[in-house]
2 protein chains.
Amino acid sequence: MTDHKNPKTCQAWARLMRVSGKLLQDIEADLKAANLPPLGWYDVLLEVRNAEPKWLRPVDIQEKMLIQQYNISRLIERLVKEGLVIRKSCDCDKRGQYIVLEPAGNDILDKMWPIYKAAIDKHFGDKLNVAEIDSLTQILSKF
Amino acid sequence: MTDHKNPKTCQAWARLMRVSGKLLQDIEADLKAANLPPLGWYDVLLEVRNAEPKWLRPVDIQEKMLIQQYNISRLIERLVKEGLVIRKSCDCDKRGQYIVLEPAGNDILDKMWPIYKAAIDKHFGDKLNVAEIDSLTQILSKF
DNA sequence: AATGAATTGATGCATTTGCATCTAACTCGA
DNA sequence: TCGAGTTAGATGCAAATGCATCAATTCATT
């Protein structure tokens, strides 16, 4: 890293943190205002649905979502308690388990998406033109 | 928001959340590995130092950091307990208080910065060229 | 086959965050 | 100047997160 680059880097970093944090707050707030669960629930349920007909294990979801093992363990615990997914024992590895989407989980996904989509557009997409969105996507792909 | 734009928007959004979350995790981990406090402490202390010789009140810091009132209240509580800042009664508004940096707080800032800076470069700056950093900064300025 | 290392998932405990609400102080219009 | 409405900050309680560690299994090497 050359010296002249660092000030710009730090400014970009600070701005990235501010913007992404604020966007997350605003979008979560829209979900909450609609009496819907937090984004973490959506992410897990969507991963599970997208993987179908394959079944995912907690460790798979954890890797996709880049979160800690104990966090996915407890997140799944909450989803099971709400009847959104069930645990299914895993024949090939007796330590493991499969996480299977229940109809209620599918319904929640379908209820959340319109609100989520609208919030993404309102707080994020509407502020950028197509070129900026493409450019942002390209830059973020470097990570 | 036009229909053809939305899929790109959602992809950019998803990528933004993934990347910013991961970067935050990695950089916080570097601080923790060096036995240093979390980024939130740095942000508060830096706001207080940058404002000098003016004194900030909790509500000022809260607005700059875009966090909840109860979060800044408790964050300051921790900093006071560690002797990094002190509360000073505010003559012009008896509800309020000023948050004043103590020498220990200044030291912590100076200790954290080299680690923080190196982490920003390593996890963020080094992955992008100058044009990309400029472009990212410009795009984020739209928010 | 045996055993040491690695992986999967859970959990007790401490810290942090979120939510609702409180008190005290300030503001502003009648 | 009075009183309603607003603002600053704190806090009790519940929920979520972080940390360390555990038990059960699987893998890999000899």
Side-chain angles (χ1 to χ4, degrees), chain A residues 21-22 24-44 47-48 55-82 84-100, chain B residues 21-22 24-44 47-48 55-82 84-100:
Chain A
K22 182 61 161 46
L24 196 56
Q25 280 184 4
D26 290 344
I27 289 176
E28 290 268 21
D30 282 5
L31 285 170
K32 183 166 308 179
N35 278 307
L36 291 169
L39 269 184
W41 290 32
Y42 185 86
D43 292 336
V44 172
E47 291 293 354
V48 170
W55 289 338
L56 296 181
R57 301 196 301 169
V59 66
D60 302 321
I61 304 173
Q62 163 195 339
E63 279 159 11
K64 284 171 188 290
M65 291 178 63
L66 305 176
I67 64 177
Q68 299 295 114
Q69 182 270 321
Y70 52 80
N71 277 329
I72 195 63
S73 180
R74 277 166 164 150
L75 191 37
I76 288 169
E77 185 177 68
R78 282 166 232 151
L79 298 180
V80 168
K81 197 187 300 182
E82 293 294 321
L84 305 183
V85 299
I86 53 173
R87 297 185 220 257
K88 218 165 153 42
S89 70
C90 175
D91 295 332
C92 65
D93 184 343
K94 282 173 187 162
R95 294 168 306 183
Q97 62 192 242
Y98 292 123
I99 304 302
V100 182
Chain B
K22 181 62 162 43
L24 196 55
Q25 280 183 4
D26 290 344
I27 290 177
E28 290 268 20
D30 283 4
L31 285 170
K32 184 166 306 181
N35 277 307
L36 291 169
L39 269 185
W41 291 33
Y42 186 86
D43 293 335
V44 173
E47 291 293 355
V48 170
W55 289 339
L56 296 181
R57 300 197 302 170
V59 65
D60 301 321
I61 304 173
Q62 163 194 338
E63 277 159 12
K64 285 171 188 291
M65 291 178 62
L66 305 176
I67 64 178
Q68 299 295 115
Q69 182 271 320
Y70 53 80
N71 278 328
I72 196 62
S73 179
R74 277 166 164 151
L75 191 37
I76 289 170
E77 184 178 69
R78 281 166 232 151
L79 298 180
V80 168
K81 197 187 298 181
E82 294 293 321
L84 306 183
V85 299
I86 54 173
R87 297 184 221 258
K88 219 167 153 40
S89 71
C90 174
D91 294 332
C92 65
D93 184 342
K94 282 174 187 160
R95 292 168 308 182
Q97 61 192 244
Y98 292 123
I99 304 302
V100 182

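Everything numeric in this text was worked out from a predicted model, so none of it was measured.
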Problem - Atom pair distance, as rounded to whole Å: CD1 in A:I61 and C1' in C:dA10 - result: 15 Å

Handout entry: Short side-chain N/O contact from B:R78 to OP1 or OP2 of C:dT16, under 4.0 Å
Key = yes

Exercise for the section: Please report the closest heavy-atom contact between A:P58 and A:I99, naming both atoms and the distance. Expected result: CD-CG1, 3.9 Å

Problem - Atom pair CH2/CG of A:W41 and A:L36 - distance to nearest 0.5 Å - result: 11.0 Å

Practice task
Please tell me which of B:L75 and A:E63 maps to the more 5' nucleotide of DNA chain C, matching each residue to the nucleotide holding its nearest heavy atom.
Solution key: A:E63

Fill in the blank from the handout: For B:Q25 and A:I67, the nearest pair of non-hydrogen atoms, with its separation, is NE2-CA, 4.4 Å

Practice task
Look at B:R74 and D:dG12 and indicate whether a side-chain polar atom (N or O) is within less than 4.0 Å of OP1 or OP2.
Solution key: no

Handout entry: Distance below 4.0 Å between A:R95 side-chain N/O and D:dC22 OP1 or OP2
Key = no

Handout entry: Atom-pair distance (CD1 on B:I72; P on D:dT11), nearest Å
Key = 15 Å

Handout entry: Validation row: B:V85, B:V80 side chains within 4.5 angstrom (heavy atoms)
Key = yes

Practice task
May I ask you to evaluate whether A:N71 reaches the phosphate of D:dG18, defined as a side-chain N or O under 4.0 Å from OP1 or OP2?
Solution key: yes

Practice task
Decide side-chain contact (heavy atoms from CB on, under 4.5 Å) for B:I76 and B:I72; before the verdict, give the C-alpha distance in whole Å, the side-chain angles of both, and the deciding distance to 0.1 Å.
Solution key: CA-CA 6 Å; B:I76 289 170; B:I72 196 62; 3.8 Å; yes

Handout entry: Protein-nucleotide distance (A:K32, atom NZ; C:dT17, atom P), rounded to Å
Key = 14 Å

Exercise for the section: Calculate the interatomic distance between B:D91 atom CG and C:dC26 atom C1'; express it in whole Å. Expected result: 15 Å

Fill in the blank from the handout: Whole-Å distance, B:D60 CG to D:dG9 C1', equals 13 Å

Handout entry: Point-to-point distance, once rounded to the nearest 0.5 Å, from CG of B:D91 to OH of B:Y98
Key = 7.0 Å

Practice task
Working to the nearest 0.5 Å, report the span between CZ of B:R74 and NZ of B:K81.
Solution key: 11.0 Å

Completion exercise
Under a 4.0 Å heavy-atom cutoff, the residues of residues 34-43 of chain A touching DNA chain C are none

Practice task
Using a 4.0 Å heavy-atom cut-off across all strands, classify A:Q69 as base, sugar-phosphate, or nothing.
Solution key: base

Fill in the blank from the handout: In terms of heavy-atom contacts, A:Q97 and A:R57 come closest through O-CG, 3.0 Å

Handout entry: Proximal nucleotide (of D:dA8, C:dT16, D:dT26) relative to the B:R57 side chain
Key = D:dA8

Exercise for the section: Round to the nearest Å and state the distance from A:K94 atom NZ to D:dT26 atom P. Expected result: 6 Å

Exercise for the section: For B:Q62 and C:dG18, give me the distance from atom CD to atom P, rounded to whole Å. Expected result: 13 Å

Handout entry: Side-chain N or O of A:S73 closer than 4.0 Å to phosphate OP1/OP2 of C:dA10
Key = yes

Exercise for the section: Specify the separation, in whole Å, of atom CD of A:Q68 and atom C1' of C:dT16. Expected result: 15 Å

Problem - Degree of bending, the helix from C:dA1-D:dT30 to C:dA30-D:dT1 (end axes from five pairs; round to 10°) - result: 30°

Practice task
Look up atom CG in B:L84 and atom CZ in B:R78, then write down how far apart they are to the nearest 0.5 Å.
Solution key: 12.5 Å

Exercise for the section: With DNA chain C as reference, determine whether A:E77 or B:D93 sits nearer its 5' end, using the nearest nucleotide of each. Expected result: A:E77

Exercise for the section: Determine yes or no for a side-chain-to-main-chain donor-acceptor pair under 3.5 angstrom, with B:Q69 supplying the side chain and B:Q62 the backbone. Expected result: no

